Amino acid sequence: MLRWFFALIVIAGAALGLLLGVLNADPVVLDLGLVRWEASLGAVVAAAVGLGMLIGLLAGAVLGRLGRRRRAPSVGTTLPTDE
C-alpha cells in the first residue's frame, strides 16, 4: 500500500515538474552579485521551491530536536496537589 502511495506521489511530482517547465519556458537571468545564472523561468521557480522545502525541513528537524531536548527533564516531575 505504501509503495503505491509513494509511486503516486512521484508520478504527480514529475507531472507537475513537467507542467511547470513547459508553461514557463521563457529564459530569465538571475543575478546574485557574485553568481549570474541564466535558465528557464520554470527551472528557477522549481529550484526556489526545492530550496525552500529543504530549508524548511532542516529548520523543522533542528527545532523539533531542540524542543524535545528542553522538555525531557520535566517528564519525571510530579505536580503538587491541594490536600
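The figures here come from the full heavy-atom set of this structure, side chains too, leaving out hydrogens, waters and symmetry mates. What you see is a predicted model; the values in this text were computed from it and never measured.
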(request) Each residue besides Leu19 in its hydrophobic cluster should be listed here, by chain and number; the cluster joins Ile, Leu, Val, Met, Phe, Trp and Tyr at side-chain heavy-atom distances under 4.5 Å. (result) Leu23
(message) Within the structure provided, determine whether Leu16 and Leu20 are in side-chain contact (heavy-atom separation under 4.5 Å).
(response) no
(request) Run through the side-chain heavy atoms of Ile, Leu, Val, Met, Phe, Trp and Tyr, join any pair under 4.5 Å, and report what else lands in Val22's cluster. (result) Leu18
Please tabulate, one pair per line, all N/O donor-acceptor pairs under 3.5 Å involving side-chain atoms of residues 34-47, not counting sequence neighbours.
residue : atom : partner : partner atom : Å
Ser40   : OG   : Ala43   : N            : 3.3

(request) Nearest 0.5 Å please: distance from the CD1 atom of Ile11 over to the CD1 atom of Ile9. (result) 11.0 Å
